[in-house]
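Residues take their numbers from the sequence shown, with the count starting at 1.
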Amino acid sequence: QVQLVESGGGLVQAGGSLRLSCVASVRTFGRDTMGWFRQAPGKEREFVAAILWSEGYTYYADSVKGRFTISRDNAKNTLYLQMTSLKPEDTAVYYCASKGGPISTRPTYDYWGQGTQVTVSS
């Protein structure tokens with residue numbers, strides 16, 4: 001069983017930055033890939049970014065490319081999402097997720113965190 005706990009959300013003005021963190025439980029099974037998704041009110045959960053844990057290969061949604069950076073600290077079993085140049089449309093609940101196997105942009109990951117709210121004011 002993989003447990004994921006997110007933190008770092010909050011309220012920020014447009015143009016500002018936030019860093020989200022996701023601590024994964026020690027077991028590595030089921031987290032070949034870790035990613036971030038987000039869900040705004042009334043909208044479907046959408047892919048933000050993902051990373052292959054061992055190789056460090058990353059992949060981003062077009063909407064965040066160049067503004068967000070996904071990274072991991074293997075020693076701390078922690079996944080990060082550095083968000084810069086935030087826009088009001090980035091407002092959503094952000095979820096950390098993990099899965100075995102390669103990166104996928106579909107929200108069919110095996111394990112999910114509880115989510116952390118990010119609100120960007122204009």
Side-chain angles (χ1 to χ4, degrees):
Q1 184 78 13
V2 176
Q3 293 182 328
L4 306 173
V5 179
E6 304 104 330
S7 62
L11 174 63
V12 64
Q13 289 188 332
S17 299
L18 280 176
R19 188 177 78 159
L20 305 183
S21 299
C22 172
V23 180
S25 56
V26 176
R27 290 188 62 180
T28 58
F29 177 76
R31 58 178 177 93
D32 299 325
T33 292
M34 291 195 72
W36 292 96
F37 288 77
R38 65 187 182 186
Q39 189 165 18
K43 294 188 176 181
E44 294 186 352
R45 192 167 296 189
E46 67 171 352
F47 172 81
V48 175
I51 186 168
L52 283 175
W53 192 266
S54 58
E55 295 93 342
Y57 173 81
T58 59
Y59 187 77
Y60 297 90
D62 288 342
S63 59
V64 306
K65 201 173 294 182
R67 299 189 298 122
F68 291 10
T69 302
I70 189 171
S71 62
R72 87 277 192 236
D73 185 326
N74 203 19
K76 296 182 179 180
N77 291 323
T78 301
L79 179 74
Y80 301 101
L81 185 68
Q82 179 68 49
M83 305 185 293
T84 63
S85 302
L86 282 161
K87 305 174 182 180
E89 51 263 44
D90 294 318
T91 295
V93 177
Y94 283 71
Y95 296 91
C96 169
S98 71
K99 64 185 291 290
I103 287 175
S104 172
T105 61
R106 300 175 62 191
T108 55
Y109 284 46
D110 300 313
Y111 303 98
W112 293 84
Q114 81 286 354
T116 185
Q117 177 70 47
V118 171
T119 303
V120 184
S121 63
S122 57

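- The ring pair (Phe, Tyr, Trp, His ring centres under 6.0 Å) check on Phe37 picks up Phe47, Tyr109, Trp112, with sequence neighbours excluded.
- Here the shortest heavy-atom pairing between Ala40 and Ala92 reads N-CB, 3.8 Å.
- Cys22 and Leu4 make their closest contact through SG-CB, 3.8 Å (heavy atoms, listed as atom of the first residue, atom of the second, distance).
- Although no hydrogens or angles enter the test, the distance criterion places a donor-acceptor pair under 3.5 Å between the side chain of Asp32 and the main chain of Gly101.
- Side chain of Tyr60 to main chain of Ile70: a donor-acceptor pair is present (N/O by atom type, distance under 3.5 Å, no hydrogens or angles).
- Of the N and O atoms on the side chains of Thr119 and Gln117, at least one donor lies less than 3.5 Å from an acceptor on the other residue.
- With salt bridges taken as basic N to acidic carboxylate O contacts below 4.0 Å, one links Lys65 and Asp62.
- The closest donor-acceptor contact from the side chain of Thr91 to the backbone of Val120 lies under 3.5 Å.
- Distance check: Cys96 SG to Leu79 CG gives 5.0 Å after rounding to the nearest 0.5 Å.
- Taking each heavy atom of Asp90 and Tyr94 in turn, the nearest pair found is O-OH, 2.6 Å.
- Lys99 and Ser104 get closest at one heavy-atom pair: CE-CB, 4.2 Å.
- Closest heavy-atom contact between Ser85 and Arg67: O-NH1, 2.9 Å.
- In this structure, Pro102 and Thr33 approach most closely via the heavy-atom pair C-OG1, 3.3 Å.
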- How far apart are the C-alpha atoms of Arg38 and Ser63, what are their side-chain angles, what is the distance that settles it, and do they pass the side-chain contact (heavy atoms from CB on, under 4.5 Å) test? CA-CA 12 Å; Arg38 65 187 182 186; Ser63 59; 3.6 Å; yes

